[in-house]
Undergrad: 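One structure is given below, represented as structure tokens, and several questions about it will come after.
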Amino acid sequence: MSAFAQGLELGGARLSETGKRLAIAENVNGSQMVRVYDADTLQLLKVIDGGKTDDFNWFAWAGDDRVLLSVMRETDNANYWARMARLLVFDIRNDSLSYVGLERASIDGDTVIHIDPAGDHVLLSYRNQARFEAEVWRLPLDGSGSANAERIVDNEGDIRSWVADSAGVVRLGLGRSRRGSLIVVYRASANEDFRRVTKIDRHDRDAMEAWDVFGLTEGSDLGYSFEELEDGRSVVREFDFRTGEQGEIAYEHSDWSIQRILTDHTGVPGGMVITDDRPRHIWFDPKIAALQDELAQALGGREVRIIANAHNRRMLALQTGADDPGALYVFTPAEQRLAFFANLRPDIDFRLLSAGTAHDIPTRDGKSMRSYLTLPRGRGKSNLPLVVMPHGGPYGVRDTLEYDDWVQLLANRGYAVLQPNFRGSGGFGAAFEKAGDGEIGRRMQDDLDDATNWAVAQGYADPARVCMAGGSYGGYAAMWAVIRNPEIYRCAVSWAGVADWDAIMAYDRDTLTRRYYKETWKPKLLGNDNSFDFSDVSPMAQIGRLSRPLLIAHGRFDERVPYSQHYRLVEKAGRLGVELETLVLDEMHSPGYADNHEKLLDAMVSFLERHNPPD
């Protein structure tokens, strides 16, 4: 069990500016550690403590000697209380960690718009809390804090975010008027004043989305923007920043959306990332593309992605698969040297794991869910005990055929595992994601039932042996499944699931920024029905209907779905005489301690074996 409860994150490995060093994040007993290695000898140089797992956002290199860390901090001021992002820098040469930012608090203190390649400074787009107007500050990374900070762009009225070109010149600003119109200002060089390019009415969604831009390079007014076509695919078009006009399609994939463009150090596109059933890096340079294929062949034909490239001097290659936790390699092209760095799950024999398969499952209202089915090895393909495992989020997130600890653990214990990408999931077009707005506990749950019925109809699942398990939103869906449809599901397992949607909305209103909550999160939850009563779909209100075994587990220090959701549900179930199985761990929203994660997995497997025994 312990083999499935580790915390190494190989896909997040980063090379320093010249490829001299590499860094990788690892979850160690609830803390996020960034380990720095010599990329040539692979010797460990430094370990940086990034704080609690749920307080850690990201890390990035600044030159070869400094590492930037984005963390969350609680801030209380005259306006409101919230968790806000903060930027720190760790200097490897003198072993020092210092704050990067101004003394006054900011909503988004980690909005880095340019990192000096030498690692001397960063540019931060820094919003005033009261009015949301943004300035740009040049902040040194020498540990002097705000003493030597320099404001290089003052606020321009309603501008809320700034964009710098590849040389670090701030040239583009985007904002909102009081009526919600998009305002864009631009300049061609540092010697010019900003001028307004356009003002777009808030109802003109197509014109607004055209300004999803990138690729602002030194000495050029041309870049790129994303656009979603009628078939749901996101493509990249040429874009003229002077006029705000899109040009021809520059990059596209015939079947899937472009999720991200991979640029070189000058900002020029070098490749794209798409996700069909797995993330893939597609390189425009035929030499890099051929090299990626050669690395795959050298590693036994397994799929490989080049995830970092330091000016072609050194590269990081990630080899992985749905039935293979994978490994990270360091490649030095000049020497044609491929060096093994680490295994994701060193104690797991990938030859005992199961490869998943992709299926398009129809919903009752005519949509299609791309879903993944993983069958246990040596158990045949029919009449199996099934665990339906919806993902968290729920919006904008999706499952893929990447390696997953929970999926492989349950398949190893004899269960078929089904991962439906229900409506609201990301990666399948804006219309499919928007179809989930206001559908929590309703059509989103119908989709899970439809996926379950499909698995039964296809003969994969024994209809009398179906359970649901998940974390976060998936934990909510599992609780709701056994309350709403006990005729389908014989048991459920929830980790950090939402029990009371009204309470979580009130919590989010207080902890998220007001604008994000009002403009983005609340509309996603309610859709077009502002009068919708969440008690109709909340386990807290409906727990008296529970007639199936339910295991609910929660972290005592969870700050996303607070622990109060758990203990209030347990208390109410007790008053009503409803039996629950419970597990409380000293954890945040995600299991950060390997031993605690092992306890959770043990409890889940034991519960399923008692209430839905495998063959």
Undergrad: Does the ring pair (Phe, Tyr, Trp, His ring centres under 6.0 Å) test come out yes or no for Phe341 and Tyr37, once each step is laid out?
TA: CA-CA 10 Å; Phe341 177 72; Tyr37 295 82; 4.8 Å; yes
Undergrad: Quick one: CZ on Arg93 to CG on Asp65, what's the gap to the nearest 0.5 Å?
TA: 4.0 Å
Undergrad: Is Arg314 close to Val330 at the side-chain level, that is, under 4.5 Å between some pair of heavy atoms?
TA: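 Touching, per the 4.5 Å side-chain cut-off.
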Undergrad: Under 3.5 Å, is there a donor-acceptor pair linking the side chains of Gln259 and Thr275?
TA: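 Gln259 vs Thr275: donor-acceptor pair found between side chains.
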Undergrad: Between Lys524 and Glu433, is any pair of side-chain heavy atoms under 4.5 Å apart?
TA: yes
Undergrad: Applying side chain to side chain contact (heavy atoms under 4.5 Å, CB included) to Leu69 and Phe56, what does each step give before you reach the verdict?
TA: CA-CA 8 Å; Leu69 308 171; Phe56 185 85; 4.1 Å; yes
Undergrad: Between Arg423 and Phe432, is a side chain to side chain contact (heavy atoms under 4.5 Å, CB included) present by the stated rule, with each step listed?
TA: CA-CA 6 Å; Arg423 74 189 65 206; Phe432 188 79; 4.2 Å; yes
Undergrad: Which atom pair, heavy atoms only, marks the closest approach of Lys367 to Ala435?
TA: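 Minimum heavy-atom separation between Lys367 and Ala435: CE-CB, 3.8 Å.
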Undergrad: Do Phe194 and Val153 make a side-chain contact, defined as non-hydrogen atoms from C-beta onward lying under 4.5 Å apart?
TA: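 Yes, at least one pair of side-chain atoms sits under 4.5 Å.
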Undergrad: Would you name the heavy atoms of Thr217 and Ser166 that are closest together and state the gap between them?
TA: CA-OG, 3.5 Å
Undergrad: Below 4.0 angstrom, N of the basic side chain to O of the carboxylate: do Arg66 and Asp142 qualify?
TA: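 Salt bridge: no.
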Undergrad: Check this for me, if you would: do Arg171 and Asp221 make a salt bridge, where the nitrogen-to-carboxylate-oxygen distance has to be below 4.0 angstrom?
TA: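 Salt bridge: yes.
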Undergrad: Do you know which two heavy atoms are closest between Phe340 and Leu42, and how far apart they sit?
TA: O-CD1, 3.4 Å
Undergrad: Tell me if the aromatic rings of Phe239 and Tyr224 count as close, with their centers under 6.0 Å from one another.
TA: no
Undergrad: Is there a side-chain contact between Leu68 and Leu141 in this structure, where contact means two heavy atoms from C-beta onward sitting under 4.5 Å apart?
TA: yes
Undergrad: For the residue pair Phe422 and His391, does the interplanar ring angle fall in the parallel (under 30°), tilted (30 to 60°) or perpendicular (over 60°) class?
TA: parallel
Undergrad: Should we count CD of Glu230 as having more than 12 external heavy atoms under 6.0 Å?
TA: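 Not buried by this count: 12 neighbours or fewer within 6.0 Å.
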Undergrad: Going by an N to O cut-off under 4.0 Å, is there a salt bridge joining Arg242 and Asp240?
TA: yes
Undergrad: For this output row, return yes or no: ring centroids of Tyr251 and Phe284 closer than 6.0 angstrom.
TA: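 Distance test on ring centres: under 6.0 Å, yes.
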Undergrad: Can you check side chain to side chain contact (heavy atoms under 4.5 Å, CB included) on Phe241 and Val197, steps first, answer last?
TA: CA-CA 8 Å; Phe241 290 102; Val197 175; over 6 Å; no
Undergrad: So Tyr329 and Leu295, do their side chains get closer than 4.5 Å, heavy atoms only?
TA: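 No - every pair of side-chain heavy atoms lies 4.5 Å or more apart.
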Undergrad: Determine whether the aromatic ring centres of residues Phe350 and Tyr403 are separated by less than 6.0 angstrom.
TA: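 No, too far apart.
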Undergrad: Which residue is it: Asp55, Asp110, Thr111? I am looking for the one with a side chain to side chain donor-acceptor pair (under 3.5 Å) to Ser70.
TA: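 The residue from Asp55, Asp110, Thr111 that satisfies side chain to side chain donor-acceptor pair (under 3.5 Å) with Ser70 turns out to be Asp110.
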Undergrad: Listed by chain and number, what are the side-chain contact (heavy atoms from CB on, under 4.5 Å) partners of Glu227, not counting sequence neighbours?
TA: Leu229, Val235, Arg237, Gln246
Undergrad: Which heavy atom of Leu299 sits nearest a heavy atom of Val304, and at what distance?
TA: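 Shortest heavy-atom contact: CD1-CG2, 3.8 Å.
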Undergrad: Is the shortest heavy-atom distance from the side chain of Trp406 to the side chain of Leu601 under 4.5 Å?
TA: yes
Undergrad: Would you mind checking if Arg305 and Glu402 are paired as a salt bridge, meaning a charged N to carboxylate O distance below 4.0 Å?
TA: yes
Undergrad: Check whether any side-chain N or O of Arg377 sits under 3.5 Å from a backbone N or O of Leu353 as a donor-acceptor pair, and report yes or no.
TA: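 A pair under 3.5 Å: yes.
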Undergrad: Would you confirm whether Gln408, through its side chain, and Ala322, through its main-chain N or O, come within 3.5 Å as a donor-acceptor pair?
TA: yes
Undergrad: Just verifying a value: how many Å separate Leu22 CG and Leu15 CG, rounded to the nearest 0.5 Å?
TA: 6.0 Å
Undergrad: Given the rule in the salt bridge (charged side-chain N to carboxylate O under 4.0 Å, His left out) test, do Arg351 and Asp349 qualify, once you have shown the distances and angles that lead to the verdict?
TA: CA-CA 5 Å; Arg351 293 169 296 184; Asp349 185 346; 2.9 Å; yes
Undergrad: Would you give the length of the straight line joining atom NE2 of His121 to atom CD1 of Ile152, rounded to the nearest 0.5 angstrom?
TA: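 Separation between the atoms: 7.5 Å.
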Undergrad: Just wondering, do Val236 and Phe226 contact through their side chains at under 4.5 Å, heavy atoms?
TA: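 Yes, their side chains come closer than 4.5 Å.
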Undergrad: In this structure, which one of Asp399, Asp276, Asp360 forms a side chain to side chain donor-acceptor pair (under 3.5 Å) with Arg370?
TA: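 Exactly one pass, corresponding to Asp360.
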Undergrad: Compare every heavy atom of Leu328 with every heavy atom of Ala13, then report the nearest pair and how far apart it is.
TA: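 It is CB-CD2, 3.7 Å.
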Undergrad: Where the side chain of Gln336 meets the backbone of Pro333, is there a donor-acceptor pair that is under 3.5 Å apart?
TA: yes
Undergrad: Determine the minimum heavy-atom distance between Asp64 and Ser16, stating which atoms define it.
TA: OD1-OG, 2.6 Å
Undergrad: Within the structure provided, determine whether Arg233 and His253 are in side-chain contact (heavy-atom separation under 4.5 Å).
TA: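 They are not in contact (no side-chain heavy atoms under 4.5 Å apart), so the answer is no.
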Undergrad: Under a 4.0 Å threshold between the charged nitrogen and the carboxylate oxygen, would Arg138 count as salt-bridged to Asp116?
TA: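 Result for this pair is no, no salt bridge flagged.
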Undergrad: Can you tell me if Gln458 has over 12 outside heavy atoms packed within less than 6.0 Å of its CD?
TA: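 More than 12 heavy atoms, drawn from other residues, nucleotides or ligands, come within 6.0 Å of this atom.
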Undergrad: Ignoring hydrogens and geometry, is there a side-chain-to-backbone donor-acceptor pair from Thr363 to Asp447 under 3.5 Å?
TA: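 No, Thr363 side chain to Asp447 backbone: no donor-acceptor pair under 3.5 Å.
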Undergrad: With side chain to side chain contact (heavy atoms under 4.5 Å, CB included) as the test, would you mind laying out the steps for Met272 and Leu262 before giving the verdict?
TA: CA-CA 5 Å; Met272 63 182 175; Leu262 304 168; over 6 Å; no
